[in-house]
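Worksheet: the structure to be examined is printed underneath.
Given the structure is predicted, the values throughout are model-derived calculations rather than measurements. Quick note on labels: first sequence line is chain A, next is B, and so on, each numbered from 1.
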Amino acid sequence: MQDPADQANSPTLDASAMPHADQFSETSRRGPYTFPPADRIRKKSEYAAVFSNSRKVVDRYFVCYLVTQEQQGSKMGLAVSRKVGKAVTRNRVKRYLREFFRTHRPLMTAPCHFVIVARPAAAALSYAECVRAMKRLLQRGGVLDG
RNA sequence: CGAGCAGGCCGGACGGUCGCGGUAUCCCUUCGGGGAUAUGGAGGAAAGUCCGGGCUCCAUAGGGCGAGGUGCUUCGUAACGCGAAGGCGGGGCGAUCCGACGGAAAGUGGAACAGAAAACACACCGCCUACGUCUUCUUCGGAAGGCCGGUAAGGUUGAAAAGGUGCGGUAAGAGCGCACCAGCGUCGUGGCGACACGGCGGCUUGUCAAACCCCACCUGGAGCAAUUCCAAAUAGGGGAGCUACAGGCGUGGCCCGCGCUGCUCCCGGGUAGGAAGCUUGAGGCGCAUGGCGACAUGCGUCCCAGAUGAAUGGCCGUCUCGGGGGCUUCGGCCCCUAGACAGAACCCGGCUUACAGGCCUGCUCGUACU
RNA sequence: GGCCCCAUCGUCUAGGCUGGUCUAGGACACCGCCCUUUCACGGCGGCGACACGGGUUCAAAUCCCGUUGGGGCUA
């Protein structure tokens, strides 16, 4: 078991596998592998802020806009257009990306806001392929340990 | 056993764990929220948005014109373009399947090309020369030819040619006469009815209405981003018009009518938060009764998703249904693999389209055996 | 989510309501020839399309139904 993120999928948790666990608030008594509504980008203005001043990392499956945000912690937003596929396909892609964010958040080097835009090729990915692609992408963006 | 027809049903199961969103109770709170426990969280099509309703607003949806839809009958239903039972026509040996299936002697139109002719029929090739008349010949009986004509049996064209077949009849023919068949009208019988059967009559009135149209019936318009409430924000500016014999808006084809308005319209500027609507409903399940059936009635029982940048997912284990591969002593054994179409957005009833695989019931035909 | 519209040569379009020589017309583009010393302009000719599947009809780009793919409006 090389990947510490895989521990989110196992019943036993190890505190030493969380290098950046201190970025979570003191009041939260839940585990590190969560994705509550406060950590999502939900407003039009937040989306606009990320799109306007951010770095862009691209591969053939996803486009990732990311901007470092020290105060507010990490937040993620999604954009999956109808070009990706029908409703079932789009929902699956969004679930995979949420699951990736949930399980890999403790590995991030710095808190940042980012929006992931799915491209049509992402429709054919399985969850494992999706995780591999996203890890490479965020490592190139410089916000993920690897 | 093989081939087939119809109807109904299922659309992996159980468990662990990390998450996501709903509800209830309790606890904490810096009043923003956070936490614990319990409970339940996609479909047969949730899809396409093709019909019909409920609901909300506009007048409790009113009148006229226009526009659109439906189209054998009778039932069922809240309603329907849906369903059931039947009629008629067509396909199939059959079980059964398919059908926009009212009206063309109300009207207006269309039918390219071909063909004589495409709709108050016509006369190209044919057939006939009885009647009338002319010429020639004559064995004085008549014969041949022409004119005036007759005819729709046959031929050609076409998607389609003016009832069909047979006998009689005739100069040749013709519903001209008759028989049967088709069609039309009418009467009787059966049926609620579509229609069926039988008698009689005069003999024939083609096709397209998914061309306009006629007839019957139906439809007011918009849609939960409807609509209502709370909070916040800007109220300031520029331009134009109107002073009632009227103007504007609601109203989405128009007119009337109705309602609202005292200022109205245009340009420019600002807001996109929260709550209600939001899930108890023509509701599901079971039983009984009525009905051939669709369905209805009664009783009992259950509460079963409500998000809003938008919840159902990730991983692991066990077991099954199929599928693939290998071994085989043909009994089986081992390995791999949950795998179709597809994701609620106000809610129902249908229709249509997509769909891996599987189950049940009834029936038909063929073969074999008893 | 809801409500609408559209689909014709490579591109922009005409025809569709009223079905038939529509073998689907035009413009630009492309190809060939002529003109010119050459290019451009001009002239002549050519290539080239009814989104898909059914139905009605003798006959469908046109009428009807379904499917697919685009686009718009709406708090």
| task | List the protein contact pattern of nucleotides 306-313 of chain B with one symbol per nucleotide (5' to 3'): B for base contact, S for sugar-phosphate-only contact, - for none; contact means a heavy-atom distance under 4.0 Å. | result | --SBSSSB
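- Each of A/A128 and A/T89 has a nearest nucleotide on RNA chain B; the 5'-most of these lies closest to A/A128.
- Counting only residues at least two apart or in different chains, ring-ring contact (aromatic ring centres under 6.0 Å, His included) contacts with residues 75-100 of chain A comprise A/Y96-A/Y127, A/F100-A/H104.
- For the P atoms, the distance linking B/A42 with B/U25 amounts to 24 Å, nearest Å.
- Taking atom C1' in both B/A78 and B/A282, the straight-line distance is 6 Å, to the nearest Å.
- Base pairing analysis places B/C299 opposite B/G286; the two distances defining the Watson-Crick or G-U wobble pair are each below 3.5 Å.
- The C1' atoms of B/G99 and C/G55 are separated by 12 Å, rounded to the nearest whole Å.
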Donor-acceptor list for residues 80-90 of chain A side chains, cut-off 3.5 Å, not counting sequence neighbours:
residue, atom, partner, partner atom, Å
A/S81, OG, A/K83, N, 3.1
A/R90, NH1, A/G85, O, 2.9

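- Consecutive Watson-Crick or G-U pairs involving RNA chain C, each under 3.5 Å on both distances, make up stems of three or more pairs at C:1-7 with C:68-74, C:10-13 with C:25-28, C:30-34 with C:42-46, C:51-55 with C:63-67.
- Annotated as anti: B/G87, whose glycosidic dihedral deviates from 0 by more than 90°.
- In B/G32 the O4'-C1'-N dihedral to the base is within 90° of 0, which defines a syn nucleotide.
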Tell me which donor-acceptor pairs under 3.5 Å the side chains of residues 56-64 of chain A have, and how far apart each pair is, sequence neighbours excluded?
residue, atom, partner, partner atom, Å
A/D59, OD1, A/Y61, N, 3.0
A/D59, OD1, A/F62, N, 2.8

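- Between the C1' atoms of B/A112 and C/U57, the separation comes to 14 Å (whole Å).
- Comparing A/K86 and A/F35 along RNA chain B, the residue whose closest nucleotide (by nearest heavy atom) sits nearer the 5' end is A/F35.
- Pair check for B/C351 finds B/G48; Watson-Crick or G-U wobble, both atom distances under 3.5 Å.
- With sequence neighbours left out, the side chain to side chain contact (heavy atoms under 4.5 Å, CB included) criterion links A/R98 to A/F35, A/M76, A/L78, A/K94, A/R95.
- For B/G331, the base adopts the syn conformation, since its glycosidic angle falls within 90 degrees of zero.
- Following rounding to the nearest Å, A/L97 (CG) and B/G314 (C1') show an atom-to-atom distance of 13 Å.
- To the nearest whole angstrom, the two P atoms, one in B/C98 and one in B/A6, are 8 Å apart.
- The gap from the P atom of C/C63 to that of B/G358 amounts to 45 Å, rounded to the nearest Å.
- In this structure B/C5 sits in a base pair with B/G362, meeting the Watson-Crick or G-U test at under 3.5 Å.
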| request: Evaluate the criterion salt bridge (charged side-chain N to carboxylate O under 4.0 Å, His left out) for residue pair A/E46 and A/K43; output intermediate values, then yes/no. | output: CA-CA 5 Å; A/E46 290 182 296; A/K43 290 184 151 187; over 6 Å; no
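- Spacing between B/A345 and B/A225 at atom P, rounded to whole Å, works out to 12 Å.
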